[in-house]
Amino acid sequence: MKIKIPPHADPIITEESLAKISPSELANNDNSNHNKSNNFIVIAKHEGEKERVYQMLGIKHDEKQFISVLPSPTHLFLTSSLEFFEVSQKIKSDEFIRFGKRGNDTNLFILDFSYGCTNQSYTSYIKAVTSSVIMLVSALESFMNQIIPTNFSYTKENKHGKTNYNQKKIENGISFKEKLESVVPLAIKQNDFWETRRENLEVINELYNHRKNMIHLKTKSKDELNRYSEVFSEMLSFDLFKAISATINVFNSIEKDFVEIEEE
């Protein structure tokens, strides 16, 4: 599966969109200033399309600067998650099968390791799964922050009374779970959003728990040998593709065609 990665923002040129560009940003389009900043605002027109405003970012290498359109962070993280997942599946289907040595049990295969080292294929698989989990949660966090309107207000009740949260405070002061379950439905004006998507919600919450456990990696045993085995075992048993599919489903339910699958 390959997902189209759109620009971070590409508004059609209007007086309003041009008004949001500062003179200093426009100055970056002057070739004489290209070494003073990595940020560029570019007006471009593709054949058959209207002119649009693009944010471009420069990357310096070997005394040269290469620029292109800044991608949408949500799509960037989502595709990274999918790519890491596909790497993990290829390692299992190719390298595990090729290098695994059958043990006494007909269904048990050992991936050899040397003294003081782990098995490279096995380790690469765990790295790919872990990276996929982290990137998928990052995509969800980016998307949730993106869809909350700048003028949105969320009221939370606690034992001390009511507290109002504006967009910035929601981003920094509301937990992932509460933002997902409570804030998002209010922000998109669909209070019953999760009623028909309970399975998606449950798998995303489980995904987040795995990510939290991996990021903080708290020890769950005083026994040195078993200290991290439970955290890794639970994550590696998790249906990650189901979480990727649930995430895409939620994105497209909130914003039609937000995620577009490219033809292979």
Side-chain angles (χ1 to χ4, degrees), residues 1-5 59 61-62 66 68 71-143 176 200 202-221 223-251 259-264:
M1 183 191 303
K2 189 174 182 181
I3 293 172
K4 179 179 178 181
I5 305 180
I59 298 174
H61 171 67
D62 194 23
F66 300 84
S68 195
S72 155
T74 301
H75 291 82
L76 193 68
F77 298 147
L78 177 61
T79 54
S80 293
S81 176
L82 183 57
E83 288 166 9
F84 280 123
F85 171 76
E86 290 175 342
V87 166
S88 74
Q89 298 309 292
K90 187 171 179 58
I91 291 172
K92 278 201 303 185
S93 62
D94 292 357
E95 298 181 25
F96 280 17
I97 297 300
R98 190 189 318 160
F99 300 122
K101 296 180 179 179
R102 192 187 300 274
N104 295 329
D105 187 317
T106 56
N107 291 321
L108 180 66
F109 292 79
I110 298 173
L111 293 165
D112 279 345
F113 56 95
S114 57
Y115 178 78
C117 294
T118 58
N119 179 274
Q120 184 175 345
S121 296
Y122 186 78
T123 302
S124 295
Y125 172 77
I126 295 177
K127 286 195 293 185
V129 172
T130 304
S131 299
S132 181
V133 167
I134 292 172
M135 286 292 97
L136 189 55
V137 173
S138 295
L140 283 156
E141 290 184 311
S142 170
F143 181 79
F176 177 94
N200 287 340
E202 288 171 5
V203 74
I204 288 173
N205 276 328
E206 187 178 353
L207 166 77
Y208 179 75
N209 287 336
H210 290 306
R211 180 262 192 187
K212 182 174 65 175
N213 289 338
M214 291 307 304
I215 291 293
H216 300 293
L217 209 57
K218 295 179 180 178
T219 58
K220 292 200 172 185
S221 171
D223 177 5
E224 180 68 28
L225 284 175
N226 293 318
R227 181 164 290 178
Y228 302 115
S229 59
E230 183 179 346
V231 171
F232 279 96
S233 177
E234 290 175 352
M235 183 191 68
L236 295 175
S237 300
F238 177 61
D239 190 341
L240 186 49
F241 187 73
K242 186 176 181 180
I244 292 172
S245 298
T247 299
I248 293 174
N249 181 273
V250 168
F251 288 171
V259 176
E260 295 184 62
I261 309 300
E262 285 192 334
E263 297 292 335
E264 293 288 347

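Not measured: the values here are computed from a predicted model. Counting from 1, the numbers follow the sequence of the chain as shown.
- With sequence neighbours left out, Asn249 forms a side-chain hydrogen bond (donor to acceptor under 3.5 Å, both in side chains) with Asn200.
- Around CG of Leu108, the count of heavy atoms belonging to other residues, nucleotides or ligands within 6.0 Å exceeds 12.
- When every heavy atom of Phe251 is checked against every heavy atom of Leu140, the shortest pair comes out as CE2-CD2, 3.9 Å.
- Counting only distance, with no hydrogens or angles, the side chain of Ser132 and the backbone of Ala128 share no donor-acceptor pair below 3.5 Å.
- No donor-acceptor pair closer than 3.5 Å links the side chain of Asn119 to the backbone N or O of Phe113.
- Inter-residue side-chain proximity for Lys212 and Ile215 is flagged as unmet; no heavy-atom pair is nearer than 4.5 Å.
- In this structure, Ser88 contributes its side chain and Phe85 its backbone to a donor-acceptor pair below 3.5 Å.
- With rounding to the nearest 0.5 angstrom, the CD atom of Glu230 is 8.5 Å from the CG atom of Asn213.
- Put simply, the side chain of Ser245 gets close to the backbone of Phe241: a donor and an acceptor are under 3.5 Å apart.
- Expressed to the nearest 0.5 Å, how far CD of Glu206 lies from CZ of Phe238 amounts to 4.5 Å.
- Under the 3.5 Å distance criterion, the side-chain polar atoms of Ser138 are matched with a main-chain donor or acceptor of Ile134.
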Any chance you could lay out the side chain to side chain contact (heavy atoms under 4.5 Å, CB included) test for Leu82 and Met1, step after step, and finish with the verdict?
-> CA-CA 8 Å; Leu82 183 57; Met1 183 191 303; 3.8 Å; yes

Working for side chain to side chain contact (heavy atoms under 4.5 Å, CB included), residues Glu141 and Arg211 | CA-CA 12 Å; Glu141 290 184 311; Arg211 180 262 192 187; 3.9 Å; yes

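- Below 30°, between 30° and 60°, or above 60°: for Tyr122 and Phe96 the angle between ring planes is below 30°, a parallel geometry.
- A donor-acceptor pair is defined here as one N or O able to donate and one able to accept, closer than 3.5 Å; no such pair exists between the side chain of Glu262 and the backbone of Ile5.
- Using the six-membered ring where Trp is involved, Phe176 and Tyr208 have ring planes that are parallel, under 30° apart on the 30 and 60° scheme.
- Looking at heavy atoms from C-beta onward, Asp112 lies out of side-chain contact with Phe99 at the 4.5 angstrom threshold.
- To the nearest 0.5 Å, the span separating CD on Gln120 from OG1 on Thr118 amounts to 8.5 Å.
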Between Tyr125 and Leu236, is a side chain to side chain contact (heavy atoms under 4.5 Å, CB included) present by the stated rule, with each step listed?
-> CA-CA 10 Å; Tyr125 172 77; Leu236 295 175; 3.8 Å; yes

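- For the pair Ile91 and Ser121, the tightest heavy-atom approach, listed with the atom from each and the gap, is CG2-O, 3.5 Å.
- Nearest heavy atoms, Leu136 versus Ser81: CB-OG, 3.3 Å.
- Here the side chains of Met235 and Val133 are in contact, with some heavy-atom distance below 4.5 Å.
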